[in-house]
*Asks:* 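Mind having a look at this structure? Questions to follow.
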Amino acid sequence: MEKVVIIKYGELSTKSDNINFFLKTLKDNIDQKLAGIDHNIKYDYGRMIIRTNDYEKVTDKVKEVFGIHEIIVGYLYKSKEIEDIKRNTVDLIANREFTTFKIETKRSDKSYPIKSPEVSRQVGAYVLKNMDNKKVDVHNPDLLINIEIRLSEVLIYFNGERGLGGYPASSLGKGLLMLSGGIDSPVAGYLAIKRGVKIEAIYFDSPPHTSPMALKKVQDLARILTKYNGTIKLHVINFTKIQEEIIKNIPNYYLITIMRRMMYQISALVASNINAHVIINGESIGQVASQTLKSMQVINEAIRMPVIRPVCTYDKLEIIDLAKKIGTYEKSIEPYEDCCTIFVPDHPVIYPDINLVYEYEKLVDFKTLIFEAIKNHQIYTITENETNNPYEDLL
Ligand code: ATP
Ligand code: MG
């Protein structure tokens with residue numbers, strides 16, 4: 001008997017037009033996730049079967065892959081003799097807790113001499129005869145026993161565990177995540193990846209007003225997200241000059257509005273450069289002054305690229321729960337301030353006026369500053385398994 005891992009992909013199977021592309025992407029993502037572990041993946045439209053000599057590690061790893069709805073351990077037997085199938089089934093369920101059961105049989109080997117319902121019936125009868133206090137329930141069984149007669153083997157499996165769901169990462173195009181050191185934006189990134197968006201990230205850094213530790217924190221957060229996304233390119237923009245000019249020239253209560261409009265403009269330009277279709281950020285309605293609907297409208301007005309805000313309707317507590325689940329929370333609450341937290345004015349405008357924004361933006365030559373910031377931007381390639389810290393020189 002050989003243990004294998006079976007992967008089912010519920011939502012995917014409805015995407016009939018481009019299913020081959022989805023499956024290929026999913027397979028590639030799993031291959032990448034299982035790098036270094038002996039494995040072999042075979043698939044058809046219904047599911048994948050992974051053969052491996054380390055099924056426990058494989059089961060664990062595929063829990064981090066989007067596009068998988070169920071993860072099941074299956075048992076492969078060489079013998080297709082009906083008597084062996086009966087015995088093997090009872091051996092497998094001997095230690096399971098259940099009262100009612102149902103057997104479903106499928107034959108991919110159509111030449112097999114016994115038809116599927118008859119296999120189910122015979123094995124069911126054998127279970128009833130050889131185990132005490134068991135009953136058949138075809139509608140709502142405690143245990144569903146699946147038997148699959150394949151060309152050269154028999155596969156038996158039961159219910160599995162839920163996978164992460166969503167779509168295979170990278171199968172729906174690219175987005176640029178505005179990644180700060182906070183709690184919200186990594187969660188927003190995770191949710192976008194879950195829907196099949198491949199992300200790159202952008203971070204606005206303000207040295208010396210922000211410490212190198214703030215940048216390191218963002219790099220660490222990006223590294224946690226690589227678990228779901230694969231390698232992430234992190235674009236770091238030096239935002240110091242723009243911020244200083246804003247603080248020097250713009251009335252205090254419009255600082256944040258204009259600062260965020262500049263971040264949006266730079267993000268949109270970088271996004272275009274890397275062929276991303278959307279910007280993703282961690283804005284949540286009403287959380288701070290820059291996130292009232294009016295503020296969001298005025299800030300969004302700076303660009304035409306669509307912005308998706310996966311956590312915009314979440315309460316902070318819901319975001320925190322998710323941050324804990326995906327493993328970013330502990331990192332996010334480390335105390336290094338990012339550029340926004342340093343320059344928060346006492347009374348930021350809650351209902352900014354777009355005409356005033358236009359007037360104020362004339363006070364600084366933002367075009368040149370944005371051009372310079374983009375020209376000098378740095379790109380780090382963040383991979384999942386970095387064991388040493390290549391940014392030590394920054395600390
Ligand atoms: P977060 O918890 O993600 O930091 P926040 O509640 O602190 O969010 P803001 O500071 O208003 O909210 O930022 C809103 C969003 O703008 C962030 O979620 C993030 O997507 C983006 N953002 C803010 N600051 C930066 C930065 N320095 N670099 C990149 N993106 C940023
Ligand atoms: Mg923040």
Side-chain angles (χ1 to χ4, degrees), residues 175-192 199-207 209-222 224-225 232-240 242-243 246 255-271 278-293 295-296 298-300 302-303 305 307-320 322-324 326 328-345 348-350 352 373 377-378 380:
L176 180 65
L177 170 68
M178 296 172 70
L179 182 61
S180 66
I183 295 170
D184 308 327
S185 46
V187 173
Y190 168 88
L191 288 170
I199 63 161
E200 295 193 16
I202 185 167
Y203 169 64
F204 296 88
D205 196 17
S206 284
H209 309 297
T210 53
S211 86
M213 290 306 286
L215 171 58
K216 161 97 172 37
K217 180 179 172 188
V218 170
Q219 288 163 336
D220 290 344
L221 283 168
I224 297 172
L225 291 178
I232 293 180
K233 278 195 184 149
L234 174 66
H235 303 256
V236 177
I237 302 284
N238 186 321
F239 204 51
T240 310
I242 294 179
Q243 243 173 351
I246 291 175
L255 290 187
I256 298 277
T257 310
I258 290 179
M259 193 174 86
R260 296 198 58 74
R261 281 171 60 90
M262 295 309 138
M263 280 189 181
Y264 266 48
Q265 285 187 41
I266 292 172
S267 300
L269 288 165
V270 171
V278 289
I279 291 170
I280 301 146
N281 71 28
E283 288 172 345
S284 173
I285 299 169
Q287 207 183 75
V288 288
S290 62
Q291 294 170 24
T292 62
L293 289 182
S295 277
M296 282 160 80
V298 169
I299 291 164
N300 208 148
I303 60 170
M305 163 126 350
V307 180
I308 55 176
R309 304 171 174 85
V311 299
C312 75
T313 61
Y314 285 31
D315 292 342
K316 193 75 191 186
L317 287 177
E318 292 171 320
I319 301 175
I320 288 175
L322 201 45
K324 286 182 178 163
I326 66 172
T328 53
Y329 181 73
E330 291 302 323
K331 180 55 68 178
S332 287
I333 57 174
E334 284 180 3
Y336 311 108
E337 302 196 282
D338 68 24
C339 61
C340 295
T341 33
I342 285 180
F343 296 107
V344 176
V349 59
I350 292 175
H377 98 274
Q378 290 194 11
Y380 298 91

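Starting from 1, each residue takes its place in the sequence as its number. Both counts, for ligands and for their atoms, begin at 1 and track the order of listing.
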*Asks:* From Ile303 CD1 over to Ile279 CD1, what is the distance, rounded to the nearest 0.5 angstrom?
*Replies:* 3.5 Å
*Asks:* Is there a side-chain contact between Tyr264 and Met305, using heavy atoms and a 4.5 Å cut-off?
*Replies:*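 Not touching, per the 4.5 Å side-chain cut-off.
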*Asks:* Is the shortest distance from a Lys or Arg side-chain nitrogen in Glu334 or Lys216 to a carboxylate oxygen in the other one below 4.0 Å?
*Replies:*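 Salt bridge flag = no for Lys216 with Glu334.
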*Asks:* Is there a nitrogen or oxygen of Met178 sitting under 3.5 Å from a nitrogen or oxygen of ligand 1?
*Replies:*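 Yes, since at least one N or O of Met178 sits under 3.5 Å from an N or O of ligand 1.
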*Asks:* For ligand 1, which atoms have a heavy atom of Gln291 less than 4.0 angstrom away?
*Replies:* 9 (P), 11 (O), 12 (O), 13 (O), 14 (C)
*Asks:* So, for Asn238 and Pro207, which heavy atoms are closest and what is the spacing to 0.1 Å?
*Replies:*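 Smallest heavy-atom distance, with atoms named: ND2-CG, 3.8 Å.
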*Asks:* Should one rank Ser267, Ser332, Ser180, Ser284 by closest heavy-atom distance to atom 25 (C) of ligand 1, which comes out on top?
*Replies:*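 Looking at heavy atoms only, the winner is Ser180.
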*Asks:* Quick one: which ligand 1 atoms are inside 4.0 Å of a heavy atom on Gly182?
*Replies:*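 Answer for ligand 1: 1 (P), 2 (O), 4 (O).
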*Asks:* Identify the two heavy atoms, one from Thr257 and one from Ile299, that lie closest to each other, and give their separation to 0.1 Å.
*Replies:*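 Smallest heavy-atom distance, with atoms named: O-CG1, 4.0 Å.
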*Asks:* Do Gly282 and ligand 1 have an N or O pair less than 3.5 Å apart?
*Replies:* yes
*Asks:* Considering only heavy atoms, does Ile202 approach ligand 1 within less than 4.0 Å through its side chain, its backbone, both, or neither?
*Replies:* backbone
*Asks:* Looking only at non-hydrogen atoms, find the nearest pair between Ser185 and Met178 and report the distance.
*Replies:*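 That closest heavy-atom pairing would be CB-O, 3.3 Å.
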*Asks:* So, regarding Met263 and ligand 1 (criterion: nitrogen or oxygen to nitrogen or oxygen, under 3.5 Å), is there a contact or not?
*Replies:* no
*Asks:* With atom 3 (O) of ligand 1 as the reference point, say which of Ala201, Ser185, Ala188 has the nearest heavy atom.
*Replies:*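 Ranked by closest heavy atom to atom 3 (O) of ligand 1, first place is Ser185.
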*Asks:* Just which atoms of ligand 1 are under 4.0 Å from any heavy atom in Val288?
*Replies:* 11 (O)
*Asks:* Would you indicate whether Lys331, at its atom NZ, is surrounded by more than 12 heavy atoms from other residues, nucleotides or ligands within a distance under 6.0 Å?
*Replies:*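 Yes, because the 6.0 Å sphere around NZ of Lys331 holds more than 12 heavy atoms from other groups.
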*Asks:* Numbering the atoms of ligand 1 from 1, which are under 4.0 Å from a heavy atom of Tyr203?
*Replies:* 27 (N), 28 (N), 29 (C)
*Asks:* Out of Glu283, Arg260, Met259, indicate the one that has the non-hydrogen atom closest to atom 13 (O) of ligand 1.
*Replies:* Arg260
*Asks:* Looking only at side-chain N and O atoms, does Asn300 offer a donor or acceptor that is under 3.5 Å from a partner on Arg309?
*Replies:* yes
*Asks:* Measure from atom 2 (O) of ligand 1 to every heavy atom in Asp184, Leu177, Asn281 and give the option owning the shortest one.
*Replies:* Asp184
*Asks:* Can you name the nearest heavy-atom pair linking Leu221 to Ser332, along with the distance?
*Replies:* CD2-OG, 3.6 Å
*Asks:* Would you check whether Ile280 has a nitrogen or oxygen atom less than 3.5 angstrom from a nitrogen or oxygen atom of ligand 1?
*Replies:*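 No, since none of the N or O atoms of Ile280 sits under 3.5 Å from an N or O of ligand 1.
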